[in-house]
Each structure stands twice: as structure tokens, then as C-alpha cells.
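Read the structure below first, then the notes.
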There are 2 protein chains.
Amino acid sequence: MVSPKRELRKVGLTVTMSRIKVLDVLASAQTESRHLRAEEIYKCLMSTGDSMSVGTIYRVLAQLEMAGLVVRHNFDTGQARYELAGDDRHDHMVCMDSGEIIEFRDQQIIEQQKRIAKEQGYELVDYRLVLFVRKDIRTEKSVGGI
Amino acid sequence: MVSPKRELRKVGLTVTMSRIKVLDVLASAQTESRHLRAEEIYKCLMSTGDSMSVGTIYRVLAQLEMAGLVVRHNFDTGQARYELAGDDRHDHMVCMDSGEIIEFRDQQIIEQQKRIAKEQGYELVDYRLVLFVRKDIRTEKSVGGI
DNA sequence: ATGATTGCAAAACATTTGCATTCTA
DNA sequence: TAGAATGCAAATGTTTTGCAATCAT
């Protein structure tokens, strides 16, 4: 994210402190590959003295998501997690032991999905893919009995 | 599902009216390839005169899920949807126009995922895959700019 | 100035839980 | 009969929203 202000203008949103602050928090979290919940963004802002109401955070996130600047995830059942949308579309794997979230990109899997959709007479518009993984200890295991 | 009672005993759950009724509703919904929300199960039971508290429905669904008799999905952000667990592991695509949910099975995509996990030094334990699709009208479109 | 944005608190919503009652084995 | 399951309602946790005050252009 070059400049929050520029990004906001580019997508037709007015430049406000709230939006800039939320983008800043997400940007700094991104360098650590973190995916934040609204509550975490709120606490993060509070800790730096930037107060903002939770309601506003949700509103800002919704607007940024609609504008395509932010992506919302639902890894687990529970709270949504947010991250900056980059040029690089990627998916996630979640380590079931450590809770660590690993990002990955794989063109092949997207092609497969397009193929599957087409086989049913549909066109792929979007998808959600999350892999639940464990450190590879050379154990032969299958998924869902397959 | 051969017999709800037998299934319940098999997984070590006592046979109660609530559990049987919920399994029945899910079984009849399954023939229409429906994935029900707790609220829908509740209404379905009410409409046939079988009253059951919402709290119980959630408790029963949680138990059935832990026992492996039921699978919980989170297609959209919002309420969870439940379906009977069958022997056949399958994934879903959601039509963005009609809201229709199509089930599909594809071994190739699972192999791809195993490969991706392994490339990162992990072992695939489970995954969530949902394709968002639209009736194929021969429009060339790409996903996420890819 | 004016329309969009925000704070605040209440509302909405799905889901969970405590406790007394009822049911299963 | 004992222990598990249920109804009911209150509690929870996340997210949304109405309205008056404030801000961006």
C-alpha cells in the first residue's frame, strides 16, 4: 500500500482519519503476516492513543471491503478477520497445532477450480480455500477417508 | 442414514427424541440437497407439531457434529448450515445468483492440496473449499485478477 | 455549507449456558 | 433411580444501526 490517502481516493472514498488509521493498522499487521479481528484493531488503536469507536471500525472495514481495499476472512466459526488486499491473491493454511496462518499462492489450484465449475455448467467467480495442516511428520494420512 | 437410533448408539450417544427428530429433519432435507440453518430446523420441527427449544437444537447439533454424524458449514458470513455426514466427502459451490448449493467431489483437487501443504512442510489434515459461481454464460472472467 | 462520517449506546443476531425439570437406560 | 438431556430464559459475543454531533471537501 503506497499511500492510504491515494488508495482511498482511487476507490472513490473520502479521506478520513478513521479510514487511514484502520488501513495503517492493517498495513503494519501485514508486515507480520497477521490477520486481525475487529476487536484487535480496536485494541491496537487504543494502545497507541488513537481512540475510535468499535461501530466505526466495523463501518470502515465494511466500506474498505466493498471498495476492494480489504479482504474479510472467516477461517474459523466466529469472528471475521481482515487483511489488506494486495495485488497478490493468495490463500491460507492454518496450522492446527500452533494456530499459525501461512499464506500461499497456487495457480494450478485455481485452474482446477475453474474446471470443476465449468463441468457443472458454471463459471467461477470467487472461492474460499483454507487448508488445515500440521507439521509434516511423515505420517501417511488421508483426508475425510479419501 | 439407515436408522437414526442405530447411528446414535454406534457413536455412543443415548437415543433421545430430540436427536432423532433433528436427524430426521436433516435426512429429509438431504434428499433435496439442502443445507439447513439451526433456525430452519427449528421452524421445520414447529411446522410438523414437534416442538423443541432452539437451545436444544444447538446442543443436539453440536453433539451430532462432534460424533461425526453431522457436518457444519460456514458458506457465507452468518449462520452455520448443517447437513448429514455421509460416507462421501464432498465440497460445495454456491450460485451467486440463485443461492443454490451444488455438491461436488473431485479427487484431483484434494491431491493438489496435499501437494501444496507438503511444499510448505506441512501435512494436510482437513480443508474448507467453497466455490462461488454463476451460470456459465461464456464470459471470460478471471478470479482475483489472476 | 452540505452531505458524508463518526461516537455512542441500543438493537439485532446467532449461539451458548445455568438451573430446575424431565427423560433414558 | 441415577445420570444425562431438555426447556426456558438470561447471558454472551459479534456485528449492525439510529440519531445527533462532527468532519471533509
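Throughout, protein chains are lettered first and strands after them, A, B, ... in sequence-line order, and every chain is numbered starting at 1.
Taking 3.5 Å as the limit, the base of dG7(D) and the side chain of Arg59(B) contain a donor-acceptor pair of atoms between them.
The CG-C1' distance, from Asn74(B) to dT15(C), rounds to 12 Å in whole Å. Regarding Glu40(B), its CD atom lies at a distance of 15 Å from the P atom of dC13(C), rounded to whole Å. Between the CG atom of Leu13(A) and the P atom of dT5(C) there is a distance of 7 Å, rounded to whole Å.
Contact annotation: Ser53(A) does not reach the phosphate of dA9(C) (side-chain N/O to OP1 or OP2, under 4.0 Å). Regarding contacts with the backbone of dA4(C), every side-chain N or O of Thr16(A) stays at 4.0 angstrom or more from both OP1 and OP2. Between dT15(D) and Tyr58(A), a contact under 4.0 Å exists linking OP1 or OP2 to a side-chain N or O.
Closest to the Thr56(B) side chain, of the nucleotides dT5(C), dA5(D), dG7(D), is dG7(D). Considering only side-chain atoms of Thr14(B), the nucleotide from dA25(C), dT15(C), dT15(D) that sits closest is dA25(C).
Remark: Arg89(A) qualifies as a cation-pi partner of Tyr127(A) under the 6.0 Å distance and 45° angle criteria applied to the six-membered ring.
No option in Glu83(B), His35(B), Arg81(B) other than Glu83(B) meets the side-chain hydrogen bond (donor to acceptor under 3.5 Å, both in side chains) test with His73(B).
Between Ile110(A) and Leu124(A), the shortest heavy-atom distance links the atoms O-CD2, 4.3 Å.
Separation of the Phe75(B) and His92(B) ring centroids falls under the 6.0 Å cut-off.
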